[in-house]
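Order of the sequence lines sets the chain letters (A, B, ...), proteins ahead of strands, with each chain counted from 1.
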There are 2 protein chains.
Amino acid sequence: MPGPRRSITETEQAIRQRLGGLTLQREAMAAVGNIHRAAAAVRSHLENSVLRPHELTWTSFVVLWVLWIWGEAETWSVAEEAGISKGTLTGISRTLESRGLVARSPHPEDRRRVLLSLTPEGEKLMEELFPAFNAEEAFVSASLSPEECLRLADSLRTIVGRLEEHGEQRRRELLAGEDLAPRRSGRRPRP
Amino acid sequence: MPGPRRSITETEQAIRQRLGGLTLQREAMAAVGNIHRAAAAVRSHLENSVLRPHELTWTSFVVLWVLWIWGEAETWSVAEEAGISKGTLTGISRTLESRGLVARSPHPEDRRRVLLSLTPEGEKLMEELFPAFNAEEAFVSASLSPEECLRLADSLRTIVGRLEEHGEQRRRELLAGEDLAPRRSGRRPRP
DNA sequence: CTCTTATCGTTTGGCATCAAATGATCGCCC
DNA sequence: GGGCGATCATTTGATGCCAAACGATAAGAG
C-alpha cells in the first residue's frame with residue numbers, strides 16, 4: 001500500500017479552495033464523482049474475489065446472470081439488460097459458448113435473430129456462484145443499513161431513469177450547434 | 001429506441017421469482033447492481049455531451065481534473081486520485097501531452113519519478129470546460145434533491161472507504177484455499 | 001565500492017468496449 | 001413475386017484498461 005493517501009474529505013477541501021469563486025452544483029458533483037469511483041471499486045473487488053476462480057469478468061458474469069434470471073432471450077434484449085452494446089455481447093457470448101456455459105440457437109421464426117440461454121453447466125455454475133457473489137455484495141455494503149442500501153439503490157435508479165428518458169434529447173440540444181470531428185473509433189467505410 | 005423494454009421493477013420481480021427459495025441480501029444486491037448501471041449511464045452521457053467536442057474520454061477528463069485541483073503531482077499520486085492504474089496513466093498522459101494540455105517534467109531529486117502538470121492551455125480548457133461539465137452533473141442528478149445527492153454521495157463514499165480499508169484482507173481470506181490459474185491478461189515472462 | 005533489494009514509470013498482452021459498416025434476412029408494397 | 005427499405009447480429013478499427021514483466025534508478029548493507 002503506497003504511503004500518504006489523500007482522503008476523500010481532503011480532496012473535497014481542495015476542490016472548494018480551487019473553485020471558491022465559481023458557482024457550481026456541489027451536491028451534484030459529489031454524487032456523480034463518487035458513482036464512478038464506487039463502481040470501479042466494487043467491480044474490482046468482485047472480479048478479484050468470487051469471479052477470479054471461475055475466470056469470469058464482471059461483464060460476463062452479468063450476462064450469465066441475465067440469462068439465469070430471464071431464461072432464454074434474444075441477444076439485443078440481453079445486451080440491453082446487461083448494459084452493453086450488441087457488438088460487445090457478440091464477443092462475450094462467443095467466449096461463454098466456447099466454455100460451454102451458454103448456448104446459441106437460431107430464432108424459430110426469424111433467421112436473423114439468435115437466442116441465448118444457459119447450458120446445464122451454466123445453470124450449475126450460477127447456482128453455485130451466485131450465493132458467493134451475493135455474499136460479496138453484502139460485504140461491500142455492510143457499512144450501510146438495509147434502509148440506506150435501498151435508498152442508495154433508489155437514488156441510482158432515479159438517475160438511470162432520468163438519463164433513459166431525457167438524456168438523448170439533452171445531448172441533441174447541447175450538441176446542436178457543434179460540428180463534431182468524426183469519432184476515432186468505429187469501422188471505416190471501405191473506399 | 002427499441003421496443004418493449006423491461007423496467008427495473010419488472011427485473012426485480014423476476015429476480016424475486018427466480019431466487020424465491022434462496023436466502024440472499026436483497027438490499028445489497030439492489031444497491032450494487034445499480035451502482036454499475038448508473039456509472040455507465042452517467043459516463044456515457046457526459047462523454048457524448050460536454051466531453052465530445054473536446055474529444056476527451058471520461059478518464060482523460062478526470063486526469064485533467066486531478067491536475068487542475070491538485071496542481072503539479074507525481075504520476076502514482078495522479079493515478080490513485082483518478083482511480084486508474086499507473087500503466088493506464090502512462091498512455092493517457094502521453095496523449096494529453098501530445099495535445100499540449102499536460103506537461104511532464106523530471107523530479108528534481110529522483111530521476112525515476114515524473115511530475116505532471118497542466119499547461120496554460122490545459123488550464124484554460126478546464127476553466128472553460130468544468131462549468132459545462134458540472135452543469136451536466138447537475139442535469140443527471142436533477143431528479144434528486146440536494147439532500148438526496150449528499151446522502152447518495154455519502155453512501156458511495158462509505159462503500160469505497162470500506163473496500164479501501166478491508167477489501168484486500170477480505171480477498172486474501174476468500175482466495176486462501178484456491179490455486180488460481182495464471183491470469184490471461186498481463187505481460188508474459190520472456191522465455 | 002559492490003552487491004542486493006526496493007521502487008519508480010513504462011511496456012506488453014489480452015480482453016472489454018463502442019460505434020459505424022456490413023451482409024443476411026424480413027416485411028411490405030405494388 | 002420482385003424490389004426496396006428496415007432490422008437483425010456480426011465484423012471491424014481504435015481506444016480504454018489492468019496486471020505483470022521490465023529497465024532504470026535509488027537506498028541500504030557489508
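- Toward the 5' end of DNA chain C, the nearer of the two residues I84(A) and E109(A), judged by each one's closest nucleotide, is I84(A).
- A salt bridge does not link K124(B) with E128(B): every distance from a Lys NZ or Arg NE/NH1/NH2 to an Asp or Glu carboxylate oxygen is 4.0 Å or more.
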Every protein N/O lying under 3.5 Å from an N/O of nucleotides 4-6 of chain D:
none

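- As rounded to whole Å, 14 Å separates atom C1' of dC18(C) from atom CZ of R171(A).
- Rounded to whole Å, atom P of dA19(C) lies 9 Å from atom CZ of R52(B).
- Remark: T57(B) pairs with S60(B) by the side chain to side chain donor-acceptor pair (under 3.5 Å) rule, at least two apart or across chains.
- Which of dT17(C), dT25(C), dT11(C) sits closest to the side chain of R94(B) comes down to dT11(C).
- Take the nearest nucleotide of DNA chain D for R113(A) and for H36(A): the residue whose nucleotide is more 5' is R113(A).
- Contact check, R43(B) against dC17(D): a side-chain N or O comes under 4.0 Å of OP1 or OP2.
- Sequence order on DNA chain D of the closest nucleotides to S44(A) and T75(A) puts T75(A) first from the 5' end.
- For the pair R151(A) and D154(A), the salt-bridge criterion is not met [side-chain N within less than 4.0 Å of a carboxylate O].
- Residue pairs that meet the salt bridge (Lys or Arg N to Asp or Glu O under 4.0 Å) test with at least one member in residues 105-119 of chain B, sequence neighbours left out, are E74(B)-R113(B), D110(B)-R112(B), D110(B)-R113(B).
- The pair E168(B)-R172(B) meets the salt-bridge criterion, since a charged nitrogen lies less than 4.0 angstrom from a carboxylate oxygen.
- For residues 27-52 of chain B, the ring pair (Phe, Tyr, Trp, His ring centres under 6.0 Å) pairs, not counting sequence neighbours, are W58(A)-H36(B), H45(B)-F139(B).
- Between F61(B) atom CZ and dT15(D) atom C1' there is a gap of 19 Å when expressed in whole angstrom units.
- Rounded to an integer number of Å, the gap from L56(A) CG to dC18(D) C1' is 17 Å.
- Whole-Å rounding puts the L51(B) CG to dT15(D) P distance at 17 Å.
- Comparing I92(A) and L89(B) along DNA chain C, the residue whose closest nucleotide (by nearest heavy atom) sits nearer the 5' end is L89(B).
- Within 4.0 Å (heavy atoms only), T57(A) reaches sugar-phosphate atoms of the nucleic acid but no base atom.
- Residue N48(A) places no side-chain N or O under 4.0 Å from the OP1 or OP2 atom of dC18(D).
- K86(B) places its NZ atom 11 Å from the P atom of dA20(D), with the value rounded to the nearest Å.
- For R170(B), the side chain to side chain donor-acceptor pair (under 3.5 Å) partners two or more places apart in sequence, or in a different chain, are E136(A).
- Between R111(A) and dG23(C) there is no side-chain N or O to OP1 or OP2 distance below 4.0 Å.
- Residue contacts shown for T88(B) include a base, since a base heavy atom lies under 4.0 Å away.
- Minimum atom distance to the side chain of T90(B) is reached by dG9(C), of the listed dT11(D), dG16(D), dG9(C).
- Rounded to an integer number of Å, the gap from CG of D110(A) to P of dG23(C) is 19 Å.
- Look at NE2 on H45(B): it is 18 Å from C1' on dC18(C), rounded to the nearest Å.
- For dC15(C), the OP1/OP2 oxygens have no side-chain nitrogen or oxygen of T95(A) closer than 4.0 Å.
- Considering only residues two or more places apart in sequence or on other chains, E147(B) meets the side chain to side chain donor-acceptor pair (under 3.5 Å) condition with S145(B).
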